[in-house]
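Here's the structure we're looking at; comments come further down.
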Amino acid sequence: MWTPPGTEDRDLHVESLGTLRVGSRVRLTKRDRALDPEETGHATRVAYGPGQEGVIVRFVHRRIARLDAEFDVAVVRWEPQEWYEWDAPITRMTPGKAYTGEDIRRMNEQLGRPVRLESFEAAAHPELLRMAAEDGVADGGAPAPRAGGKPKRSHCAPPLRAMPGVYVVFVRDADRVEEIAEDLARRHDAKIRRVWPALASFSVSASPAQLSVLADDERLREISDNCM
(Lines give C-alpha, C1' and ligand atoms only; values in the text may rest on other atoms or scores of the structure.)
Protein backbone atom coordinates (compact mmCIF):
# COMPACT_ATOMS: atom_id res chain seq x y z
CA MET A 1 0.00 0.00 0.00
CA TRP A 2 1.35 3.41 -1.01
CA THR A 3 1.48 5.99 1.80
CA PRO A 4 1.44 9.72 0.92
CA PRO A 5 4.48 11.81 1.95
CA GLY A 6 4.09 13.23 5.44
CA THR A 7 1.77 10.41 6.46
CA GLU A 8 2.84 7.82 9.02
CA ASP A 9 1.03 4.50 9.51
CA ARG A 10 1.40 2.18 12.49
CA ASP A 11 -0.20 -1.26 12.46
CA LEU A 12 -2.94 -1.81 15.02
CA HIS A 13 -2.61 -5.30 16.44
CA VAL A 14 -6.37 -5.89 16.54
CA GLU A 15 -8.71 -8.20 14.64
CA SER A 16 -11.71 -5.86 14.73
CA LEU A 17 -12.68 -2.21 14.88
CA GLY A 18 -16.30 -1.77 15.86
CA THR A 19 -18.48 -3.95 13.65
CA LEU A 20 -15.67 -4.34 11.09
CA ARG A 21 -13.12 -7.13 11.30
CA VAL A 22 -10.11 -8.43 9.44
CA GLY A 23 -11.43 -10.61 6.62
CA SER A 24 -14.75 -8.72 6.32
CA ARG A 25 -15.95 -8.08 2.79
CA VAL A 26 -16.94 -4.42 2.71
CA ARG A 27 -18.38 -1.80 0.38
CA LEU A 28 -17.70 1.95 0.14
CA THR A 29 -20.94 3.81 0.93
CA LYS A 30 -20.00 7.26 -0.42
CA ARG A 31 -17.17 9.33 -1.88
CA ASP A 32 -14.11 9.51 0.33
CA ARG A 33 -11.55 11.34 -1.79
CA ALA A 34 -9.60 10.86 -5.02
CA LEU A 35 -7.03 8.09 -5.33
CA ASP A 36 -3.72 9.18 -6.85
CA PRO A 37 -1.95 7.20 -9.60
CA GLU A 38 0.67 6.04 -7.08
CA GLU A 39 -2.09 4.23 -5.16
CA THR A 40 -3.80 2.45 -8.04
CA GLY A 41 -1.30 2.25 -10.91
CA HIS A 42 -3.81 4.05 -13.17
CA ALA A 43 -2.60 7.07 -15.17
CA THR A 44 -5.09 9.53 -13.68
CA ARG A 45 -6.92 10.02 -10.38
CA VAL A 46 -10.06 8.00 -9.68
CA ALA A 47 -12.98 8.61 -7.31
CA TYR A 48 -12.67 6.62 -4.08
CA GLY A 49 -16.24 5.30 -3.93
CA PRO A 50 -19.07 4.77 -3.72
CA GLY A 51 -19.92 1.16 -4.49
CA GLN A 52 -16.57 -0.61 -4.76
CA GLU A 53 -16.01 -3.79 -2.74
CA GLY A 54 -13.01 -5.43 -1.13
CA VAL A 55 -11.71 -7.29 1.94
CA ILE A 56 -10.21 -5.73 5.07
CA VAL A 57 -6.65 -7.03 5.55
CA ARG A 58 -5.61 -5.00 8.63
CA PHE A 59 -6.17 -1.81 10.62
CA VAL A 60 -3.62 0.98 11.05
CA HIS A 61 -3.30 4.17 13.09
CA ARG A 62 -2.58 7.02 10.69
CA ARG A 63 -0.87 10.31 11.52
CA ILE A 64 -0.82 13.21 9.04
CA ALA A 65 1.84 15.64 10.25
CA ARG A 66 0.80 18.66 8.17
CA LEU A 67 -2.75 18.48 9.52
CA ASP A 68 -1.71 17.48 13.05
CA ALA A 69 -4.36 14.75 12.74
CA GLU A 70 -4.45 11.13 13.94
CA PHE A 71 -7.11 8.47 13.36
CA ASP A 72 -7.62 4.76 12.73
CA VAL A 73 -8.24 3.43 9.21
CA ALA A 74 -8.96 0.08 7.60
CA VAL A 75 -6.61 -1.21 4.92
CA VAL A 76 -8.76 -2.81 2.22
CA ARG A 77 -7.62 -5.03 -0.63
CA TRP A 78 -9.98 -3.84 -3.36
CA GLU A 79 -10.87 -6.58 -5.84
CA PRO A 80 -10.65 -6.10 -9.64
CA GLN A 81 -13.65 -3.94 -10.58
CA GLU A 82 -14.86 -0.73 -12.21
CA TRP A 83 -13.84 2.66 -10.84
CA TYR A 84 -14.37 6.18 -12.24
CA GLU A 85 -11.87 8.83 -13.20
CA TRP A 86 -12.38 12.03 -11.22
CA ASP A 87 -10.69 15.32 -10.41
CA ALA A 88 -11.42 18.29 -8.16
CA PRO A 89 -13.98 20.82 -9.46
CA ILE A 90 -11.43 23.65 -9.38
CA THR A 91 -9.50 22.00 -12.22
CA ARG A 92 -12.69 21.73 -14.33
CA MET A 93 -13.96 25.27 -13.94
CA THR A 94 -14.29 27.58 -16.94
CA PRO A 95 -12.27 30.79 -16.44
CA GLY A 96 -14.49 33.83 -15.92
CA LYS A 97 -17.62 31.81 -15.13
CA ALA A 98 -19.33 32.32 -11.74
CA TYR A 99 -20.09 29.13 -9.79
CA THR A 100 -22.57 28.74 -6.94
CA GLY A 101 -22.27 26.34 -4.00
CA GLU A 102 -24.83 24.12 -5.69
CA ASP A 103 -22.68 24.06 -8.84
CA ILE A 104 -19.68 22.89 -6.82
CA ARG A 105 -21.74 20.23 -5.02
CA ARG A 106 -23.01 18.90 -8.34
CA MET A 107 -19.50 18.85 -9.82
CA ASN A 108 -18.26 16.95 -6.77
CA GLU A 109 -20.88 14.26 -7.36
CA GLN A 110 -20.13 13.84 -11.05
CA LEU A 111 -18.29 10.72 -12.15
CA GLY A 112 -15.86 10.58 -15.05
CA ARG A 113 -14.94 7.85 -17.49
CA PRO A 114 -15.31 4.31 -16.08
CA VAL A 115 -12.07 2.31 -15.86
CA ARG A 116 -11.43 -1.25 -14.71
CA LEU A 117 -8.58 -1.56 -12.23
CA GLU A 118 -6.85 -4.66 -10.96
CA SER A 119 -6.64 -5.45 -7.25
CA PHE A 120 -4.77 -3.00 -5.01
CA GLU A 121 -4.65 -2.02 -1.33
CA ALA A 122 -5.65 1.38 0.04
CA ALA A 123 -6.72 2.79 3.40
CA ALA A 124 -10.35 3.81 3.97
CA HIS A 125 -12.08 5.57 6.86
CA PRO A 126 -14.17 2.95 8.72
CA GLU A 127 -17.13 5.36 8.83
CA LEU A 128 -17.43 5.02 5.03
CA LEU A 129 -17.52 1.20 4.98
CA ARG A 130 -20.43 -1.20 5.31
CA MET A 131 -20.44 -4.98 5.34
CA ALA A 132 -21.14 -6.32 1.84
CA ALA A 133 -24.25 -8.40 1.26
CA GLU A 134 -22.17 -11.59 1.06
CA ASP A 135 -21.44 -11.22 4.79
CA GLY A 136 -25.12 -11.64 5.58
CA VAL A 137 -25.99 -7.94 5.81
CA ALA A 138 -28.20 -6.20 3.27
CA ASP A 139 -26.75 -3.23 1.40
CA GLY A 140 -26.51 -0.28 3.75
CA GLY A 141 -27.84 -2.37 6.64
CA ALA A 142 -26.46 -2.87 10.13
CA PRO A 143 -25.44 -6.22 11.62
CA ALA A 144 -28.05 -7.83 13.81
CA PRO A 145 -27.54 -7.23 17.54
CA ARG A 146 -25.72 -10.03 19.30
CA ALA A 147 -27.08 -11.97 22.23
CA GLY A 148 -26.99 -10.24 25.62
CA GLY A 149 -24.58 -10.65 28.49
CA LYS A 150 -21.90 -8.49 30.05
CA PRO A 151 -19.58 -6.78 27.59
CA LYS A 152 -16.21 -8.25 26.72
CA ARG A 153 -13.21 -6.39 28.18
CA SER A 154 -10.29 -5.91 25.75
CA HIS A 155 -6.78 -4.64 26.48
CA CYS A 156 -3.96 -3.27 24.33
CA ALA A 157 -1.46 -5.73 22.88
CA PRO A 158 2.25 -4.82 23.16
CA PRO A 159 3.88 -2.63 21.98
CA LEU A 160 0.74 -0.49 22.19
CA ARG A 161 -0.22 1.03 25.55
CA ALA A 162 -3.53 2.18 26.99
CA MET A 163 -4.46 5.83 27.35
CA PRO A 164 -5.30 6.18 31.08
CA GLY A 165 -8.98 6.62 31.82
CA VAL A 166 -10.11 6.56 28.17
CA TYR A 167 -12.00 3.64 26.61
CA VAL A 168 -13.66 2.70 23.32
CA VAL A 169 -17.10 1.20 23.86
CA PHE A 170 -18.96 -0.94 21.29
CA VAL A 171 -22.73 -1.41 21.54
CA ARG A 172 -24.79 -4.43 20.46
CA ASP A 173 -27.47 -2.43 18.62
CA ALA A 174 -25.80 -0.19 16.03
CA ASP A 175 -29.00 1.85 15.57
CA ARG A 176 -28.93 2.94 19.23
CA VAL A 177 -25.28 3.94 19.69
CA GLU A 178 -25.99 7.67 20.09
CA GLU A 179 -28.95 7.01 22.38
CA ILE A 180 -26.89 4.71 24.62
CA ALA A 181 -23.96 7.12 24.79
CA GLU A 182 -26.26 9.98 25.79
CA ASP A 183 -27.96 7.81 28.42
CA LEU A 184 -24.62 6.85 30.00
CA ALA A 185 -23.50 10.47 30.03
CA ARG A 186 -26.75 11.57 31.68
CA ARG A 187 -27.15 8.82 34.27
CA HIS A 188 -23.54 8.16 35.22
CA ASP A 189 -21.86 11.49 34.42
CA ALA A 190 -19.56 9.75 31.93
CA LYS A 191 -17.76 12.09 29.53
CA ILE A 192 -18.44 11.02 25.94
CA ARG A 193 -15.52 12.11 23.77
CA ARG A 194 -16.67 11.02 20.32
CA VAL A 195 -19.39 8.85 18.77
CA TRP A 196 -18.92 6.71 15.62
CA PRO A 197 -22.41 5.59 14.51
CA ALA A 198 -21.03 3.64 11.53
CA LEU A 199 -18.83 1.61 13.91
CA ALA A 200 -21.52 1.19 16.60
CA SER A 201 -19.06 2.65 19.09
CA PHE A 202 -18.02 5.69 21.08
CA SER A 203 -15.04 6.80 23.16
CA VAL A 204 -15.52 7.78 26.79
CA SER A 205 -13.49 9.12 29.70
CA ALA A 206 -14.41 7.07 32.78
CA SER A 207 -13.25 6.69 36.37
CA PRO A 208 -12.79 3.18 37.84
CA ALA A 209 -16.27 3.43 39.41
CA GLN A 210 -17.83 4.49 36.10
CA LEU A 211 -15.97 1.70 34.30
CA SER A 212 -17.44 -0.80 36.74
CA VAL A 213 -20.93 0.41 35.84
CA LEU A 214 -20.20 0.08 32.13
CA ALA A 215 -18.93 -3.46 32.67
CA ASP A 216 -22.41 -4.49 33.90
CA ASP A 217 -24.36 -2.85 31.07
CA GLU A 218 -25.71 -5.57 28.77
CA ARG A 219 -26.41 -3.05 26.00
CA LEU A 220 -22.64 -2.94 25.47
CA ARG A 221 -20.78 -5.57 23.46
CA GLU A 222 -17.17 -4.68 24.26
CA ILE A 223 -15.12 -2.21 26.30
CA SER A 224 -11.63 -1.72 24.93
CA ASP A 225 -8.62 0.25 26.11
CA ASN A 226 -7.89 3.24 23.90
CA CYS A 227 -4.55 2.07 22.53
CA MET A 228 -1.66 4.33 21.53
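A quick note: this is a predicted structure, and the numbers were derived from the prediction, not measured. Heavy-atom basis, side chains included; hydrogens, waters and symmetry copies ignored.
Grouping the Ile, Leu, Val, Met, Phe, Trp and Tyr side chains by contacts below 4.5 angstrom, directly or via other members, places Leu28 apart from Val55. Cluster membership check: Leu211 does not share its hydrophobic cluster with Val213, using side-chain heavy-atom separations under 4.5 Å among Ile, Leu, Val, Met, Phe, Trp and Tyr. Cluster annotation: Val22 is connected to Leu20 through the hydrophobic network of ILVMFWY side chains, with a link wherever side-chain heavy atoms come within less than 4.5 Å. Connection of Trp86 to Trp2 is not established within any shared hydrophobic cluster, with ILVMFWY side chains joined at heavy-atom distances below 4.5 Å, either directly or through further cluster members.
Between Trp83 and Gly49, the shortest heavy-atom distance links the atoms CZ3-N, 4.2 Å. Residues Val73 and Ala123 share a closest heavy-atom pair of CG2-CB, 3.8 Å.
Distance check, rounded to the nearest 0.5 Å: CG of Leu129 to NZ of Lys30 gives 11.5 Å. Rounded to the nearest 0.5 Å, atoms OG (Ser24) and CD (Glu15) are 10.5 Å apart. Interatomic distance, NE2 of His42 versus CZ of Arg116, reported as 13.5 Å (0.5 Å rounding). One distance of note links CD1 of Ile192 with OG of Ser205; it measures 8.5 Å at 0.5 Å rounding. Summarising the geometry, atom OG belonging to Ser16 is positioned 6.5 Å from atom CZ belonging to Arg221; distances are rounded to the nearest 0.5 Å. In this structure, Gln210 CD and Tyr167 OH are separated by 10.0 Å, a value rounded to the nearest 0.5 Å.
In summary, Glu79 and Arg25 engage in a salt bridge, as defined by a charged side-chain N under 4.0 Å from a carboxylate O. Salt-bridge annotation for Arg58 and Glu121: present, with a side-chain N of the basic residue lying under 4.0 Å from a carboxylate O of the acidic one. Between Glu182 and Arg176 there is no salt bridge, since none of the side-chain N atoms of the basic residue sits less than 4.0 Å from a carboxylate O of the acidic one. Asp216 has a carboxylate O that lies under 4.0 Å from a charged side-chain N of Lys150, or vice versa, which qualifies the two as a salt bridge. Between Arg161 and Asp225 there is no salt bridge, since no side-chain nitrogen of the basic residue lies less than 4.0 Å from a carboxylate oxygen of the acidic one.
Two residues are said to be in side-chain contact when any heavy atoms from C-beta on lie closer than 4.5 Å; Phe170 and Ile223 fail this criterion. Between Leu220 and Arg172 there is no side-chain heavy-atom pair separated by less than 4.5 Å. With a 4.5 Å cut-off on side-chain heavy atoms, Trp196 and Glu127 count as touching.
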- [ ] Applying salt bridge (Lys or Arg N to Asp or Glu O under 4.0 Å), run through Glu85 and Arg113 and close with a yes or a no.
- [x] CA-CA 5 Å; Glu85 294 182 344; Arg113 182 175 68 93; 2.8 Å; yes
Open item on the list: Under the criterion side-chain contact (heavy atoms from CB on, under 4.5 Å), I'd like the reasoning laid out for Phe120 against Leu35: C-alpha separation, chi angles, the key distance, then a yes or no.
Closed with: CA-CA 11 Å; Phe120 64 93; Leu35 291 169; 3.8 Å; yes
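Between Trp78 and Tyr48, the ring planes are perpendicular. Angles over 60° get that label, and only those under 30° would be called parallel.
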Under 3.5 Å, side-chain donor or acceptor atoms of residues 59-69 against the rest of the protein: list the pairs with distances, not counting sequence neighbours.
residue, atom, partner, partner atom, Å
His61, ND1, Asp72, OD1, 2.8
His61, NE2, Glu70, OE1, 2.8
Arg62, NE, Asp9, OD1, 2.8
Arg62, NH2, Asp9, OD2, 2.9

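Remark: the backbone N or O of Val168 is not paired with any side-chain donor or acceptor of Ser203 at under 3.5 angstrom.
Counted by atom type alone, Glu222 and Ser154 present one or more donor-acceptor pairs between their side chains at under 3.5 Å.
Legend: residues meeting side chain to side chain donor-acceptor pair (under 3.5 Å) with Thr3, ordered by chain and number and at least two apart, are absent.
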